[in-house]
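To start, the structure under review is shown below, and the notes come after it.
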Amino acid sequence: MTTVLEEIVGPDTLAYWRGLKPVLLWTDVLVFLLVGVLVICIWYARRREHLRAPWRQVFARPLAMAAAVVMSCFVVVGLLDSVHFREPLQPQGGQDGGQQQEVFHAVEVLSLLDLLLRPLKEQVEKTYSAPFATHLYAKETLELPDGTRVRDYPRLVYGGAHLEDPSERTADVLQRSLAGLATGLGWWLLFALLWVALLAYRHHRPFGSQLRQVLAGRTVLPWRVMLGVLALVFMAVAWAVELAPLYHIFGTDKVGQDVFYQTLKSVRTALVIGTLTTLVMLPFAVLLGLMAGYFRGWVDDVIQYLYTTLNSIPGVLLIASAVLMLQVYIDTHPEMFETAAERADMRLLFLCIILGVTSWTTLCRLLRGEALKLHGVDYVQAAVAFGVPHFRILSRHLLPNVMHIVLITVVLDFSGLVLAEAILSYVGVGVDPSMHSWGNMINGARLEMAREPMVWWSLLAAFVFMFLLVLAANLLADAVRDAFDPRTRDAAAGRES
Amino acid sequence: MLAYIVRRLLYAVPILIGINLITFVLFFVVNTPDDMARMHLGMKHVTPEAIAEWKAARGYDKPLLYNEARDGLQRFTDTIFFEKSVRLFAFQFGRSDAGRDIGYDIYQRMWPSLAIAVPVLVFGLLANITAALLLVFFRATYVDTLGVVLLVIMMSVSSLFYIIAGQYVIGKLLHLVPISGYDGGWNALKFIVLPVCIAVLYGLGSGARWYRTLFLEEAGKDYVRTARAKGLSERVVLFRHVLRNALIPILTGVVVILPLLFMGSLVLESFFGIPGLGSYTIDAIRAQDFAIVRAMVFLGSVLYILGLLLTDISYTLVDPRVRIS
């Protein structure tokens with residue numbers, strides 16, 4: 001990875017960046033839109049104490065802070081993987097064809113993450129190999145230098161190729177691991193000191209006393225926990241940077257692709273499904289839910305009928321039928337998509353939308369109930385009496401008072417959706433089989449369960465990463481719910497007093 | 001009471017019509033039967049005759065909504081909409097795209113599904129309530145905190161992991177039960193044990209945590225404080241007061257899913273090779289047999305609406321406050 005960094009400064013690299021053709025996938029647009037909205041929301045909330053207070057309460061919880069650190073690591077990987085482009089092809093025939101020559105771009109859509117992980121992406125073996133293996137998992141007929149043929153496990157092309165003698169592997173791995181961990185610790189120490197210095201500057205305190213405060217865990221926000229988790233993250237990253245280019249640290253899959261690379265590429269899919277699904281349908285759910293509760297009468301009847309009907313169809317079956325139909329549509333209209341990535345992306349977006357259709361009904365029902373309650377509240381009645389337009393009442397008086405429900409629902413839904421993706425991929429109606437996702441990894445590895453000895457690394461890598469993300473999301477969601485839900489908030493306050 | 005039930009039943013009719021229309025649009029309008037035929041026969045080198053034959057064999061060669069070639073009422077009945085969608089109301093599912101009788105298949109496969117789903121429900125309920133009560137009994141101690149953390153960890157693990165790990169450890173390493181398969185009668189027991197245990201374990205994380213909040217909410221109410229003030233023992237307070245009242249939301253939550261038990265569990269059944277309705281649906285989705293998927297969508301919706309109806313009725317039976325008002 002250092003080689004990539006070195007390249008960036010060189011003039012060749014600049015020309016390389018200019019030659020790229022940016023590709024904006026649909027989900028990319030939505031992801032960046034989401035990031036923009038989030039930034040605006042944070043900026044807005046920072047200036048208002050009544051919004052800052054619950055968030056401070058969220059992050060004051062050590063577990064929530066740790067979860068937030070882990071989540072943001074996933075988000076960074078996901079965002080890096082959301083900047084897409086296509087590389088120019090080398091002109092055929094070699095030498096200068098002049099300015100007019102049209103530049104063709106490769107069909108393969110890459111992302112920034114692919115550039116960072118280029119060695120991992122390109123070091124493809126023949127088939128399965130275990131983590132840190134130097135030999136392939138399957139026997140092949142090998143020709144020895146003296147002409148005799150034996151059936152044995154061949155050496156890997158890339159994994160541990162720098163070793164003269166494969167028996168040195170364990171020592172080499174240990175040595176490099178230690179070096180990697182030490183590097184990570186060094187970087188972390190630098191970061192931690194900078195962070196404490198920043199805190200000291202903000203609180204107008206001497207550095208030493210600030211450091212003691214952080215170490216003793218006496219700060220308002222649990223910085224000690226954050227730095228502790230970050231130490232683990234730094235060490236893990238440095239360890240991977242040190243070892244991943246030389247070994248397949250998570251092994252390789254059936255076609256010899258690096259499992260670590262696949263696992264990281266799957267992060268974006270999981271995040272997109274977890275976030276976009278709820279957000280795509282959020283405007284409908286909020287508008288319809290508020291309208292049903294506010295206007296009542298026939299509007300209420302129509303909206304209730306709508307969501308009861310949609311809710312009555314078992315979720316998996318509705319998703320399955322819709323995705324099957326989309327499949328037929330894509331298969332019969334191949335001309336609509338320029339690259340395979342665009343086709344896979346379309347399917348991902350559609351999956352988000354259809355998952356949203358099945359899940360917005362709960363939120364809509366909750367909001368309807370809340371709006372019904374709010375309709376009778378004095379200030380809403382006063383607004384009605386003053387002749388304030390309906391839309392204005394909905395947006396100024398009702399919406400801010402149901403936002404906590406929306407927020408809690410969005411956060412709570414996230415982990416369930418990430419888990420659902422794996423199930424849907426198993427059923428065969430998940431994301432495109434060409435797209436990296438934990439569900440696809442599990443589904444592919446499941447078929448190899450019967451092998452003896454078992455091929456376990458793909459499964460385990462997908463499960464562990466999924467578990468980390470979901471656990472972090474669950475912990476964060478709990479903290480958000482406790483801080484924003486008036487019922488639990490009062491209960492928590494009552495317990496403390 | 002009777003008038004209430006009749007009114008609720010009538011309310012279900014437009015919902016069923018809506019579901020029927022949605023499935024019709026999804027399966028016949030978004031993609032025409034021609035598209036489906038082409039996909040089943042392979043995308044390339046398909047002759048129009050082959051498509052026409054495929055459609056005719058499955059009854060997809062009629063007009064969608066209105067048949068001009070017929071007279072009288074047949075103009076409406078000899079159409080895809082009537083043959084494939086309206087007939088669902090009478091539970092006439094017709095034949096699958098592979099030519100089997102769907103109604104017969106459903107009847108056959110219903111029992112293995114129930115054999116898994118009913119024990120999962122019963123034992124799951126018992127396990128969840130027990131765990132939640134224990135946590136409430138030890139509330140505000142380390143046992144409670146640790147227990148909740150454990151539950152959060154349990155619910156963060158993918159259900160596929162429970163299944164795969166369970167099959168690997170119990171089935172493959174320890175050889176306690178067969179990894180997958182099914183048999184009739186009492187022989188089915190050894191095939192059922194593992195999936196039921198796994199499903200109960202998986203459900204424990206979110207289930208027990210949810211029940212714990214219900215119990216805690218109930219335990220914070222005034223009548224519980226009164227009971228304690230009277231000097232009743234913690235055991236009596238928990239079982240006679242808290243549990244009884246918290247059972248109302250739990251039971252009504254269970255009633256909703258009672259009819260859906262027939263549908264079985266998609267993932268569990270297909271992993272363990274149980275010939276129930278869940279694996280039937282998965283096989284149909286994988287084979288892209290739209291006739292079966294359509295039938296299952298309708299059946300599932302009917303059962304869900306039935307569940308809603310039962311919930312409303314059980315509310316009035318269980319909770320006297322609802323009955324009086």
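Convention: sequence-line order gives letters A, B, ...; per-chain numbering from 1.
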| Hey, mind stepping through B:Met155 and A:Leu419 against side chain to side chain contact (heavy atoms under 4.5 Å, CB included) and telling me if it holds? | CA-CA 10 Å; B:Met155 65 185 270; A:Leu419 290 176; over 6 Å; no

| query | Which bit of B:Ile305 is near chain A, if near means a heavy-atom gap under 4.5 Å: side chain, backbone, both or neither? | reply | side chain

| message | Using the rule given for side chain to side chain contact (heavy atoms under 4.5 Å, CB included), can you reason through B:Thr23 versus A:Ser321, listing the C-alpha separation, both sets of side-chain angles and the distance that settles it, and then say yes or no? | response | CA-CA 8 Å; B:Thr23 41; A:Ser321 355; 5.9 Å; no

| query | With a 4.5 angstrom heavy-atom cut-off, which part of B:Ser158 approaches chain A: side chain, backbone, both or neither? | reply | both

| request: Quick one: do B:Ile285 and A:Val429 satisfy side chain to side chain contact (heavy atoms under 4.5 Å, CB included)? Show the steps, please. | output: CA-CA 8 Å; B:Ile285 291 171; A:Val429 292; 3.6 Å; yes

| remark: In this structure, OG1 of A:Thr309 is separated from CD1 of B:Ile15 (nearest 0.5 Å) by 5.0 Å

| remark: For B:Met296 and A:Leu317, the nearest pair of non-hydrogen atoms, with its separation, is O-CD1, 3.6 Å

| field | Proximal component of A:Asn311, with respect to chain B [non-hydrogen, under 4.5 Å] | value | both

| query | Under 4.5 Å between any side-chain heavy atoms of B:Val297 and A:Leu318, yes or no? | reply | no

| A:Ser415 versus chain B, the contacting section by heavy-atom distance below 4.5 Å | neither

| said: Quick one, A:Asp478 and B:Arg209 - any side-chain contact, counting heavy atoms below 4.5 Å? | reply: yes

| request: Mind checking the CD1-CD1 spacing from B:Ile22 to A:Ile313? Nearest 0.5 Å is all I need. | output: 4.5 Å

| Given that the side chain runs from C-beta out, which part of A:Tyr329 has a heavy atom under 4.5 Å from chain B: side chain, backbone, both or neither? | both

| message | Please identify, among B:Val267, B:Val157, B:Leu160, the residue contributing the most non-hydrogen atom pairs under 4.5 Å to chain A. | response | B:Leu160

| Heavy-atom pairs under 4.5 Å with chain A, option from B:Val293, B:Leu16, B:Ile19 with the top count | B:Ile19

| Rounded distance (nearest 0.5 Å) linking atom CG of A:Leu324 with atom CZ of B:Arg294 | 12.0 Å

| Can the ring centres of A:Phe467 and B:Phe161 be said to be less than 6.0 Å apart? | no

| field | Contacting moiety of B:Leu266, where chain A heavy atoms sit under 4.5 Å | value | side chain

| query | Checking A:Val427 against chain B: side chain, backbone, both or neither under 4.5 Å from a heavy atom? | reply | both

| field | Proximal component of A:Leu310, with respect to chain B [non-hydrogen, under 4.5 Å] | value | side chain

| remark: Looking only at B:Tyr168, B:Tyr304, B:Phe290, the option with the highest number of non-hydrogen pairs under 4.5 Å against chain A is B:Tyr304

| task | Would you give the length of the straight line joining atom CD1 of B:Ile164 to atom CG of A:Leu459, rounded to the nearest 0.5 angstrom? | result | 5.0 Å

| said: Under 4.5 Å from any heavy atom of chain A, what part of B:Ser270 do you find: side chain, backbone, both or neither? | reply: both

